[in-house]
Protein chains: 2
Amino acid sequence: MASRPTISDVAEASRVSISTVSLVMNGKGPVADATRQRVLAAADRLGYAPSRSARGLAARRTGNIGFVLREDHFRQSEPFYTRVFLGAEFEARRRGLYVLLSTVPDPYDPARHAPRFLTEHSVDGVVVAGGVDATLLEQLRARSIPFVLADYAWDDSPTVSADNRSGGRAVADHFVAQGHTRVGYLGADPEHPSPAERRDAYLGAMAEVGHPVPDGWVVTADGPSDRQTGALNAGLLLDRAPRPTAVFCANDALALGLLDAASERGLAIPDDLAVAGFDDVDGAALAKPPLTTVRIHKETLGETALGLLAEGLTGAVEEIPPRTLVPTELVVRASA
Amino acid sequence: MASRPTISDVAEASRVSISTVSLVMNGKGPVADATRQRVLAAADRLGYAPSRSARGLAARRTGNIGFVLREDHFRQSEPFYTRVFLGAEFEARRRGLYVLLSTVPDPYDPARHAPRFLTEHSVDGVVVAGGVDATLLEQLRARSIPFVLADYAWDDSPTVSADNRSGGRAVADHFVAQGHTRVGYLGADPEHPSPAERRDAYLGAMAEVGHPVPDGWVVTADGPSDRQTGALNAGLLLDRAPRPTAVFCANDALALGLLDAASERGLAIPDDLAVAGFDDVDGAALAKPPLTTVRIHKETLGETALGLLAEGLTGAVEEIPPRTLVPTELVVRASA
DNA sequence: TTGAAAGCGCTACCAA
DNA sequence: TTGGTAGCGCTTTCAA
């Protein structure tokens with residue numbers, strides 16, 4: 001089998017120099033239209049695709065983007081970050097980039113767990129999805145590898161996240177529209193900035209309309225944002241007297257846990273208790289009753305992060321904007 | 001910032017030629033031990049890591065492995081293939097390879113959906129996880145890109161899969177040990193070879209011990225292997241008279257669906273009905289009652305596939321073995 | 001608007 | 001056991 005065609009083959013076939021082929025393939029420089037056509041036709045006919053290695057070597061760019069994710073985030077059954085990755089991968093494809101996915105354990109030991117591409121400098125930039133150990137981010141910074149955070153925030157590094165505030169506000173508005181005045185909040189994972197934003201916007205909006213949420217009805221569990229935590233901490237809200245008539249949970253997992261706890265206590269949803277979540281995970285629509293929640297477009301999160309990074313890399317933009325929001329959307333189902 | 005060190009820097013620092021550095025870095029050739037030490041020390045001191053691009057260009061190997069997965073398999077909430085990927089990524093890391101994950105839609109259009117690395121020849125080989133459109137496999141073959149299938153089979157391509165037969169047999173043995181003689185089978189996804197292997201081994205083992213399973217108790221639904229299918233088709237087994245006292249399901253999703261259906265019918269598990277699944281998904285241990293099942297080591301599946309591929313690539317092995325089995329293990333819980 | 005030529009950092013062959 | 005050197009296929013000045 002003849003080995004794959006090179007730039008010289010294309011040059012020869014289209015009777016131009018390899019420089020010209022290079023210009024055409026990269027859409028650069030002033031090339032006569034006829035020449036361009038001829039080159040493209042030849043490339044197509046020969047099935048030519050530039051060698052990544054050669055390109056990388058000559059241009060000092062790898063064309064690779066790293067995608068870092070905490071291992072437990074990746075293997076969890078809720079495919080949140082999976083979708084963020086999918087969005088990033090999609091956008092990368094559009095831009096002719098490759099994505100190297102690397103998971104890191106938590107806790108993270110910089111000496112042993114550093115993604116290979118980091119030490120080998122085989123990526124042009126990195127997307128970091130979700131919370132990771134700050135050490136990793138410091139490593140990136142130390143090696144001056146550009147990075148964009150998705151669904152996380154650290155220092156003043158560029159980040160793209162869901163519009164948590166507008167989502168939190170939407171829930172409050174919805175509760176009020178349904179006639180609720182005595183509402184509560186259930187959160188977890190105090191480290192992560194998103195829940196805090198959701199909470200603050202929610203509490204703020206409730207206060208604005210004259211129904212401030214008493215401190216006793218604002219619960220932030222000191223554990224992971226999962227269903228179990230939701231169920232275990234539900235009592236702090238449900239077993240009080242008086243009890244709120246509606247609860248906003250920082251995410252769907254907690255909300256599903258709260259629903260479990262409510263059902264155990266024989267509470268009717270949404271009549272005795274209205275519940276809203278955040279994320280719109282797969283399980284939200286399947287819950288009994290189906291969960292009212294704020295939808296995050298997970299793919300868009302990844303797409304946007306990768307897009308920003310890529311633009312920053314090519315210099316298309318001077319500086320990556322420090323904070324980019326992806327819109328959220330209230331999805332009203334039966335639970336509230 | 002000074003740019004990263006190159007092989008010449010290391011050569012200079014250790015007072016040898018770049019050829020020698022190359023030999024040392026690749027663990028090749030006869031190099032005096034003292035020299036080796038000196039080179040390694042210098043490399044370490046300078047923070048030298050070989051450039052992937054240069055290496056790839058010179059050696060005509062990319063050091064990249066493609067990992068192909070159907071999109072719906074990747075985004076499904078059960079992180080089965082996610083773990084297979086994790087295993088592959090882990091093994092790749094050990095071997096100094098990168099994994100390029102690419103999802104493909106189903107149905108697959110070879111012209112529009114072909115993973116980029118396929119047309120760009122930027123991988124040395126490919127791991128294909130789970131079922132994909134045969135067109136893709138034909139493309140790989142046509143371009144003579146070596147590949148290994150994980151949890152799938154096609155033609156006589158090398159494949160690594162769970163030991164379905166021994167798992168199926170283990171379930172039969174367990175049922176018999178529990179005193180069951182009238183047992184059934186629930187499967188789905190007739191296309192995929194694994195369920196068929198599980199079924200045949202199971203039915204064979206039952207027949208061997210003198211309790212053949214009547215055809216009427218062998219149900220293979222013509223849909224996806226999911227919980228809903230399990231619940232919907234459960235009636236074909238549960239609403240018959242007489243009814244089997246134990247049912248083996250081709251996977252956990254179906255088994256969980258069957259449990260749902262059984263609970264709706266007021267059947268006590270495992271007294272009225274014993275149920276066993278296959279896979280040992282996260283949800284199996286959490287089911288009510290916890291599901292007896294056959295565990296597949298998903299990471300091992302990915303590790304093995306990538307390992308075999310890598311060995312084949314380096315020529316460490318003459319030919320990749322056509323069929324490699326990863327052991328399975330019966331996990332007895334409360335449902336059977 | 002096009003071409004010539006100098007590398008990019010490495011591997012692998014051949015000599016020493 | 002080590003070194004010299006010819007590429008690998010491309011990008012990128014610089015000239016023409």
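Atoms considered below: every heavy atom in the structure, side chains included; atoms not considered: hydrogens, waters and symmetry mates. Residue numbering restarts at 1 for every chain, and letters A, B, ... go by the order of the sequence lines. Because the structure is a prediction, the values reported are computed rather than measured.
Distances from the side chain of A:A32 to the nucleotides C:dC10, C:dT1, D:dC10 place C:dT1 closest. Distance from the side chain of A:S22 is smallest for D:dT11 among the nucleotides C:dC10, D:dG3, D:dT11. For B:I7, taking side-chain heavy atoms from C-beta onward, the closest of the listed nucleotides C:dG3, C:dT11, D:dG9 is C:dT11. Here C:dT2 is the nucleotide among D:dG9, C:dT2, D:dT2 with the atom lying nearest to any side-chain atom of A:V31. Across C:dT2, C:dG3, D:dT11, the shortest atom-to-atom separation from the side chain of A:V16 is found for C:dG3. Among the nucleotides D:dT1, D:dG9, C:dG9, the one closest to any side-chain atom of B:T35 is D:dT1.
D:dG9 atom C1' lies 13 Å from atom CG of A:N26, rounded to whole Å. Put simply, CZ on B:R61 is 14 Å from P on C:dC10, counting in whole angstrom units. Per the geometry, CG belonging to A:L57 stands 9 Å off P belonging to C:dC10, to the nearest Å. Summarising the geometry, the separation between CE on A:M25 and C1' on D:dT12 is reported as 17 Å, rounded to the nearest angstrom. Note: CD1 (B:I18) to C1' (D:dG7) measures 12 Å, nearest angstrom.
An OP1 or OP2 oxygen of C:dG3 is reached within less than 4.0 angstrom by no side-chain nitrogen or oxygen of A:S19. The phosphate of D:dT12 has OP1 or OP2 within less than 4.0 Å of a side-chain N or O from A:K28.
Counting non-hydrogen atoms under 4.0 angstrom, B:S53 reaches nothing in the nucleic acid. At the heavy-atom level, A:V21 lies nowhere under 4.0 Å from the strands shown. Contacts of B:P30 with the nucleic acid, taken as non-hydrogen atoms under 4.0 Å apart, include base atoms.
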